[in-house]
Amino acid sequence: SPEFTALYGVASAITHHNEDAFAALSIAELETFEEVNYWRAMILADEGDWQQAAKVLPQNFEPLYDFPVLLQNRIVPNLAEIALRSGEADKADMLLQMSTDSEKQMTPQQRAGLQYLRGEAARQKGDIDLTKKLWLPLTTGDDDLYRAKAGLALTRLLIEKNEIDTKAAIDKLESLRYAWRGDELEVQINYWLGKTYFENGDFLRGLILMRDAVSFDDGTPLGKRIASDMANLFAEAFTTKNLEKTS
């Protein structure tokens, strides 16, 4: 029945069986139920397809208030990250506030994730001091995932604000290179490390690291963007102006 299929899909989503979950939650009988799209958006985000996740994310979040707290803590931060990645600050604020209300019942990793997202929300609003205040403790925290995510995000922010030079940024990114393995975050760390090497004049080292990043995530939207950027940087490295430095 559609009811059983929906429950099976949600249970599969919670346990990261994404292919089974998405198939179950995409049957025609469930199309009219808007709540199903909360879970479909979460699954797409978990797979790194943030653009499609943003497209299916519902506009109305009121039903989420009726979710049990444990389910809220599993899904709401993911939906907030989708909103942040698509630049929808108002949506993200509403979802982050919902998570704040249930923060006491979160696991340590969920609390770290919430703090990371609060920092990203502050960054998008231009409150850099608050962003650094939220992210800096995570870079030395106990959670491996958010130590790496916050370390990467904070390093990029400091580069953007000219608060560190490329050599200092390389040191920070090198320390993150093996901090987290096996998903999009590892790809991003290798990409930004490679790009920073490139900007520091070490073109070949930079291109090799970006090539490795593409090989980890070949064919995905992120992998395609990195491959395109790498091709442009490769052409730049071998222009007449840079050819002597490259050799």
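Computed from heavy atoms alone, side chains included, the values below leave out hydrogens, waters and symmetry copies.
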> Step by step, would you call Gln97 with Asp101 a side chain to side chain donor-acceptor pair (under 3.5 Å)?
Replying inline: CA-CA 6 Å; Gln97 183 56 55; Asp101 295 339; 3.1 Å; yes
>> With side chain to side chain contact (heavy atoms under 4.5 Å, CB included) as the test, pick out the partner of Lys161 among Leu158, Ile164, Leu157.
In response: Leu157
> Are the side chain of Asn200 and the backbone of Asp202 linked by a donor-acceptor contact shorter than 3.5 Å?
Replying inline: no
> Do the charged groups of Glu163 and Lys172 touch, with an N to O distance under 4.0 Å?
Replying inline: no
>> Can you confirm whether more than 12 heavy atoms, excluding those of Tyr65, are under 6.0 Å from its OH atom?
In response: yes
> Where does the angle between the aromatic ring planes of Phe67 and Tyr38 fall among parallel (under 30°), tilted (30 to 60°) and perpendicular (over 60°)?
Replying inline: perpendicular
> So does Arg85 pair up with Glu81, basic N to acidic O under 4.0 Å?
Replying inline: yes
> What orientation do Tyr146 and Tyr116 show, parallel under 30°, tilted 30 to 60°, or perpendicular over 60°?
Replying inline: tilted
> Where is the tightest heavy-atom contact between Met42 and Ile82, given as atom of each residue plus distance?
Replying inline: N-CD1, 4.3 Å
>> Counting only heavy atoms not in Asn60 (residues, nucleotides, ligands), do more than 12 fall under 6.0 Å from its CG?
In response: yes
> Which residues satisfy the side-chain contact (heavy atoms from CB on, under 4.5 Å) test with Phe33, sequence neighbours excluded?
Replying inline: Leu30, Val36
>> Distance alone, cut at 3.5 Å: any donor-acceptor contact between the side chains of Glu88 and Ser86?
In response: yes
